[in-house]
Amino acid sequence: MIPSNIEYKPKEIESKWQEKWEKTSIHKAIDFDKKPKYYSLVMFPYPSGDLHMGHMRVYTISDVISRHKRMLGFNVLNPMGFDAFGLPAENAAIERKIPPNEWTKKNIDHMKNKQLKRMGTSYDWDREVVSCNVDYYKWTQWLFLQFYKHNLAYQKDAPVNWCPKCQTVLANEQVEEGKCWRHDDTTVERKMMRQWFLKITRYAEELLRDLEKLSGWPERVKLMQKNWIGKSEGAEIVFGVSAKSDIKIPVYTTRPDTIYGVTFLVLAPEHPLVSELTTNENKEKVQAYIKQTALLSEIERLSESKAKTGVPLGSFAINPFTNQKIPIWISDYALLEYGTGAVMGVPAHDSRDFEFAKKFGVEIKQVISSDGLSRELLKAYIEPGVLMNSDTFNGLHSEDAKRKIIQYGNEKGFSKTRITYRLRDWLISRQRYWGCPIPVIYCDKCGVSPVNENELPVALPESGIEFTGSGGSPLLKSKEWLSVKCPKCNAQARRETDTMDTFICSSYYYLRYSDAKNEKIAFDKEKVNYWLPVDQYVGGVEHAILHLLYSRFFTKALRDSELLNFDEPFTNLLSQGMVTMFSSKEGKIAKMSKSKGNVVGTTEFFDEYGADAARLFILFAAPPEQEIEWSTQGAIGQYRFVERIWRLFFNLKENANLQLFEGFIPVETLHETPLLKDLYRIANYTIKSVSEDISSEKYIFNTAIARMTEMVNAMYRFILNKKTYSDIEIKILSFSFTNLLKLLAPFAPHLAEELWEKSGGAYSIHQQKWPDYDKQALVTDEIDLVIQMGGKKIDVLTTKKGQSQKELEKIALSLEKVKARLDGKELVKVVVVPDKIVNIVVKQ
RNA sequence: GCCGCUGUGGCGAAAUGGCAAACGCAGUUGACUCAAAAUCAGCCGGGAGCAAUCCCUUGUCGGUUCAAGUCCGACCAGCGGCACCA
């Protein structure tokens, strides 16, 4: 039955087509083409060197979408690039003495040519961007200058994580349990340093509000961003200071209704008024506390298990509503960066203040309860309620009181309504070599100057750099590079040695793809407005906040600089789930990663079973948003499916004179041959189902593949024990197989292309039109009618379609089974859903 | 602690409120083979029964409905995010 001379050799077939696709440039995106545009984007990878099956998922999902859209007639932009700056390259330089550039370029070459291409992806490589190339980061620097020009880039002193051994600032992710990730014996310090920031907070409200426009985003991602931005509405209330009438302390609160319950004030230890408010007898204790706080890492400081600490300053504040004197303390639970850096302590109605007051014996004064009566408090009463001990506001409900108290305070001039966001400005300085240099110059006389635009790029020095891993950025030691003339006074000046956070590079790469090779500007306005916004973005949920929020911010800022004309960069977002596998290191199923020792490489699997089988398994295992566990056994199952199609083709070619068949077959001609008619129905049902499942509303590839499997199974069943075929049978089988190949094309692109060619199809199957289904084929005249009694199935019968409720009821009631069960019972009613179900309801 | 998501066969999963378990993995039986592998075909949630057949089953407990895996409420478990944000 199976010709033995034709073996499925995925390795040969796949490389053959990958070369041909590249040579014939069939994946090229054309600017301003007359077809409608479709921008399909996948988050560009960091070139760590070796992709595994875990990485493969995101590229496969995005590729299926791109290929499908091309077949639907879109002008598809599906680009790829590399997020190529970052610490691992520098660490490789330190450990293995390979220059970061060399290491990165080697990895890119491997990933691009040995891995991404071998997956069968359909990128337009002409638009490749590599963020560590000068022709890219020139524009990163240019964009920084635009931000600077619009007062969106600024310097300020801020507390940062500092490793004294590395002599550098660390990102939060590089601090593990309060220790430096490279020196687990070194506690990371909090240090005030002058750093560059981008003013993302200017867009806090718009970033929050426009989440509503993103109907194509997963709710959970929007929710995470909403929480991250953390809008809160409240009031700023200004407290006076006893005996120092010139000093005012503004505090921020969302609970102005508790103002009569304030019994102390807490300032952040770094608060600028601290030294002025510290009395002589408290000086020593206060200074010791500030020093101790500075030594704690942010993680230690914020950890909830930590008991409250603090010291009194010795001064007293005056509550403007009550004129009461209350003590002023400092404690590390007040954060300088949020609100005003000062908190009014209301122990009766805030659990943190309650804990603080209990520990230090501060008065607890209840002003709200459920019924307006006071009682013993075992913990803070934080719910809304009725006011008491609050002067003229007694008896009001707390929500009401909030408004009235603010109104009163506003009139008297000691409060104002205020909105606060949890979002902080974005610290972008990194004391590292392998990043985009911040294009500014320091002059002793003129201070900070931006580099002139026509002097860009500020290129990283490539020679004479030593990577020792100690003593801060290698750029500091590159004397020649450091030295520069001041753009204002032409005096000897020096360059900024910090480089930018790599998230800057990835905040605009999707814009650059629209015009990747432009040497004159970052991107042409017309091109960026033609291609953007991205129609479908695919990436991991780990970027739900960082990258996606930064990119939204960039888009809005660049819109305001009139460089583009849209508000949101990504219309639809798909967050694919992780690929997991058992890790013996962790003793459990964990995310596939090199450090957990649970990776499956791509090369070995591709060599033996092919990329098509791997793609099918990854898509089949679960819907894209869910986590999947890699199973080589399961992937081999998809390899069997591929081989089954392969064998089916040769079987049909040899025995049934298989050929390409476009168009439909009149259903009337099939009335005499029910088996054939059924096969035709299955083929068309498969076209319909796969088209729906693969569509942008759903993206449920697992069920799409299941439908194709069913179709193949049906074809096998049809040809079982069959030796000869009639003309009409050949036609139906040809119709079925031709359409199967087209449906398969986005999922298993090499197999589909190879069999398309072997069927005599013109190159390329990927440039064929996505198939339609024959509606006539799906019309059936029989249905399965389910008979229920009391909601339980008792029978299923095949009957004529389109019968009336009366008729169906009659059929059901005349069944022997029904009669037997009805005996002696009272019939309550019969529910009939035509062509579906009859439910007979009896009493008890 | 707060917010969110998810609980269905041995496993991955499927099911516009209308036949629970499609499709695949593992297992198992048969055909082919001297044999094995591969392949092709069949079986494959649990229980009772020689059998036809019957009963039970979507984390637990309630509710709505003629009908609930699906909708509502409470709880339990697992995962994820945030975590002293005043």
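Backbone-only contact: Gly637(A) has heavy atoms under 4.0 Å from sugar-phosphate atoms and none from a base. Counting any heavy atom pair closer than 4.0 Å across all strands shown, Val841(A) reaches sugar-phosphate atoms only and no base atom. Nucleic acid contact for Glu629(A): none, since no nucleic acid atom lies under 4.0 Å from a heavy atom of the residue. The residue Thr254(A) sits close only to the backbone: its heavy atoms come under 4.0 Å of sugar-phosphate atoms, none of a base. Using a 4.0 Å heavy-atom cutoff across all strands shown, Gln626(A) reaches sugar-phosphate atoms only and no base atom.
Of the listed nucleotides (rA22(B), rG24(B), rA86(B)), rA22(B) has the atom at the smallest distance from the side chain of Ala706(A). Closest to the side chain of Lys793(A), out of rC66(B), rA86(B), rA20(B), is rA20(B). Distances from the side chain of Val831(A) to the nucleotides rC66(B), rA14(B), rC82(B) place rC66(B) closest. Among the nucleotides rA20(B), rC40(B), rG24(B), the one closest to any side-chain atom of Tyr716(A) is rC40(B). Distance from the side chain of Tyr338(A) is smallest for rA86(B) among the nucleotides rA20(B), rA86(B), rC66(B). In this structure, the nucleotide among rC23(B), rA14(B), rG18(B) sitting nearest to the side chain of Thr703(A) is rA14(B). Picking from rG4(B), rA26(B), rA83(B) the nucleotide with the shortest atom distance to the side chain of Arg422(A) gives rA83(B). You'll find that the side chain of Leu223(A) is closest to rC3(B), out of rC84(B), rC3(B), rA41(B). Out of rA83(B), rA13(B), rU39(B), the shortest distance to the side chain of Trp228(A) is found at rA83(B). Of all nucleotides listed (rG18(B), rG4(B), rA13(B)), rA13(B) comes nearest to the side chain of Pro623(A).
In this structure, CE of Met708(A) is placed 13 Å from C1' of rG24(B), rounded to the nearest angstrom. Put simply, CD1 on Ile840(A) is 16 Å from P on rC19(B), counting in whole angstrom units. In this structure, Gln225(A) places its CD atom 12 Å from P of rC82(B), rounding to the nearest Å. Asp353(A) places its CG atom 12 Å from the P atom of rA86(B), with the value rounded to the nearest Å. When the P atom of rA86(B) is taken as reference, atom CD1 of Ile326(A) falls 19 Å away, rounded to whole Å. What separates OH of Tyr685(A) from P of rC23(B) is a distance of 11 Å, to the nearest Å. Per the geometry, NZ belonging to Lys222(A) stands 13 Å off P belonging to rC5(B), to the nearest Å. A straight line from CD of Glu627(A) to P of rC11(B) spans 16 Å, rounded to a whole angstrom.
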Pair Arg422(A)-Asn227(A), side-chain hydrogen bond (donor to acceptor under 3.5 Å, both in side chains): steps then yes or no: CA-CA 8 Å; Arg422(A) 214 190 69 111; Asn227(A) 292 340; over 6 Å; no
side-chain hydrogen bond (donor to acceptor under 3.5 Å, both in side chains) between Thr293(A) and Asp332(A), intermediate numbers included: CA-CA 7 Å; Thr293(A) 311; Asp332(A) 59 10; 4.9 Å; no
Test side-chain hydrogen bond (donor to acceptor under 3.5 Å, both in side chains) applied to Thr309(A) and Tyr289(A), step by step: CA-CA 9 Å; Thr309(A) 58; Tyr289(A) 183 78; 2.7 Å; yes
Worked verdict on Phe617(A) versus Tyr639(A) for ring pair (Phe, Tyr, Trp, His ring centres under 6.0 Å): CA-CA 8 Å; Phe617(A) 171 71; Tyr639(A) 173 74; over 10 Å; no
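Take the nearest nucleotide of RNA chain B for Arg220(A) and for Gly341(A): the residue whose nucleotide is more 5' is Arg220(A). In terms of position along RNA chain B, the nucleotide closest to Glu643(A) lies nearer the 5' end than the nucleotide closest to the other residue of the pair Glu643(A) and Ile545(A).
When the P atom is compared between rU6(B) and rA15(B), the two are found 14 Å apart, to the nearest whole Å. For the P atoms, the distance from rG12(B) to rC56(B) is 27 Å, rounded to whole Å. As rounded to the nearest Å, rG17(B) and rC72(B) have P atoms that lie 12 Å from one another. With both ends at atom P, the span from rG78(B) to rA31(B) equals 50 Å, rounded to whole Å. rG62(B) and rG45(B) have their C1' atoms separated by 26 Å, given to the nearest Å. Atom P of rU70(B) sits at a distance of 14 Å from the matching atom of rA20(B), rounded to the whole Å. rA36(B) and rA22(B) have their P atoms separated by 30 Å, given to the nearest Å. For the P atoms, the distance linking rU29(B) with rA37(B) amounts to 11 Å, nearest Å.
Between the side chain of Arg707(A) and the base of rA22(B) there is at least one donor-acceptor pair of N/O atoms closer than 3.5 Å.
Side chain of His349(A) to backbone of Ile368(A): a donor-acceptor contact under 3.5 angstrom is found. Under a 3.5 Å cut-off, the side chain of Tyr381(A) and the backbone N or O of Gln366(A) do not form any donor-acceptor pair.
Between His543(A) and His547(A), the ring planes are perpendicular. Angles over 60° get that label, and only those under 30° would be called parallel. Aromatic ring pairs are classed by plane angle as parallel below 30°, tilted from 30° to 60° and perpendicular above 60°; the pair Phe264(A) and Phe356(A) is parallel. Relative orientation of the Trp329(A) and Phe360(A) rings is tilted, given thresholds of 30° and 60° on the angle between their planes.
When the side-chain nitrogen and oxygen atoms of Lys836(A) are compared with OP1 and OP2 of rG18(B), none of them lie within a distance under 4.0 Å. For rA22(B), the OP1/OP2 oxygens have no side-chain nitrogen or oxygen of Asn713(A) closer than 4.0 Å. Side-chain N/O atoms of Arg717(A) include none lying less than 4.0 angstrom from OP1 or OP2 on rC40(B). Between Gln633(A) and rA26(B), a side-chain N or O to OP1/OP2 separation shorter than 4.0 Å is present. A sub-4.0 Å separation between OP1 or OP2 of rG12(B) and a side-chain N or O of Asn702(A) is absent. Between Arg640(A) and rC40(B), a side-chain N or O to OP1/OP2 separation shorter than 4.0 Å is absent.
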Watson-Crick or G-U pairs under 3.5 Å in RNA chain B, rendered as dot-bracket with [ ] for crossing pairs and | for another strand: (((((((..(((.....[....))).(((((.......))))).((((....))))..(((((..]....))))))))))))....
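Of all heavy-atom pairs spanning Ile405(A) and Asp257(A), the tightest one is CD1-CA, 3.7 Å.
Leu267(A) places a side-chain heavy atom less than 4.5 Å from the side chain of Leu313(A).
In this structure, rG9(B) shows a glycosidic angle within 90 degrees of zero, which is the syn conformation.
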